[in-house]
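Atoms within a ligand are numbered from 1 in the order they appear, just like the ligands themselves.
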Amino acid sequence: MKKLENKVIAITGAAMGLGLATAIEAAQQGAQLALVDYNEKALEEAKQFILKDYPDTKVTTVVADVSKEEEVKKYVEETVKAFGRIDGFYNNAGIEGKQAPMTEYDVEVFKKVIGINLMGVYYGMRYILPIMQKQEYGRIVNVASVGGIRGVMNQTPYVASKHAVSGMTKNAALEFGRHGITTNAIAPGAILTPMVAEAFKQVNPDDPQAAETEYAQANPTKRLGLPEEVAKVVVFLLSEDASYVNGQTIAIDGGESNSYGFV
Ligand SMILES: NC(=O)c1ccc[n+]([C@@H]2O[C@H](COP(=O)([O-])OP(=O)(O)OC[C@H]3O[C@@H](n4cnc5c(N)ncnc54)[C@H](O)[C@@H]3O)[C@@H](O)[C@H]2O)c1
């Protein structure tokens with residue numbers, strides 16, 4: 001039996017990176033998909049990519065910016081219209097923002113990071129939790145980060161937003177556990193996605209590969225993670241198998257968040 005057979009799974013930030021990897025893994029596990037992203041072209045490509053390998057998957061796409069409440073309402077409504085229910089929600093869309101010291105951080109960029117990473121995650125839960133409550137069933141996986149557990153130099157709004165995601169996850173778990181809904185968060189370390197490639201360009205514009213190699217040295221595994229390694233944990237948390245896991249923030253980071261000093 002596939003882990004998500006006939007489950008309806010909504011995924012934000014589904015056009016690339018961790019969202020796309022999870023969409024592929026979920027399709028492989030029998031899910032029907034509502035894919036949400038604000039990058040219309042990449043979203044359509046993601047849909048076609050999935051249908052090529054998994055032609056029996058029912059896929060609907062919604063172009064929406066998760067930082068805008070009206071657009072969140074729209075993607076939730078369109079998902080319910082297409083499938084009649086939402087069993088699982090991968091609340092994943094997020095951005096890193098620009099790297100800069102706290103006192104020099106561009107306030108407009110700060111607000112943008114909070115708007116997407118914090119408010120976007122909140123709006124998603126705000127409009128999907130009532131649907132899951134009516135169903136008396138649901139699985140939510142929010143995307144925090146190791147930056148939601150520890151500080152990260154020069155990334156104040158990102159760290160603030162990801163700590164908030166972890167906090168909101170605990171609250172949703174407390175408030176909705178009685179309705180058959182589990183809410184958990186994942187805290188990925190550095191995973192090789194377009195977002196992280198961009199971050200290495202910011203750290204070392206002349207030689208991003210050198211920045212990546214140096215970063216990997218701080219990890220007990222001496223390598224960065226792959227999107228598929230995150231996707232498998234997310235699918236577990238979205239499945240029946242994780243029925244008694246609730247309110248947790250689960251690090252997927254090769255053990256890096258345990259270290260103090262060199263490894
Ligand atoms: N890659 C990592 O190492 C890593 C580590 C920790 C946490 N994360 C988190 O994982 C999530 C996904 O990151 P990723 O690395 O896959 O990033 P990515 O940039 O590769 O992909 C993010 C996707 O989200 C979409 N998106 C961004 N803002 C959006 C918005 N406002 N509305 C709708 N769609 C939007 C983008 O178009 C893109 O398709 C983010 O929340 C990120 O903070 C990533």
Short side-chain to backbone donor-acceptor contact, T12 and N92, under 3.5 Å: yes
Separation of L226 CG from L18 CG (nearest 0.5 Å): 11.0 Å
Output the set of protein residues with a heavy-atom contact under 4.0 Å to ligand 1, ordered first by chain identifier and then by residue number. G13, A15, M16, G17, L18, D37, Y38, N39, A64, D65, V66, N92, A93, G94, I95, I116, V143, A144, S145, Y158, K162, P188, G189, A190, I191, T193, P194, M195, V196
Any chance CZ of F49 has more than 12 other-residue heavy atoms, nucleotides or ligands included, within less than 6.0 Å? no
Can you establish whether the number of heavy atoms outside K3 located under 6.0 Å from its atom NZ is more than 12? no
With V66 as reference, evaluate V121, I116, N91 under the side-chain contact (heavy atoms from CB on, under 4.5 Å) test and give the passing residue. I116
E45/K41 ion pair, N-O < 4.0 Å: yes
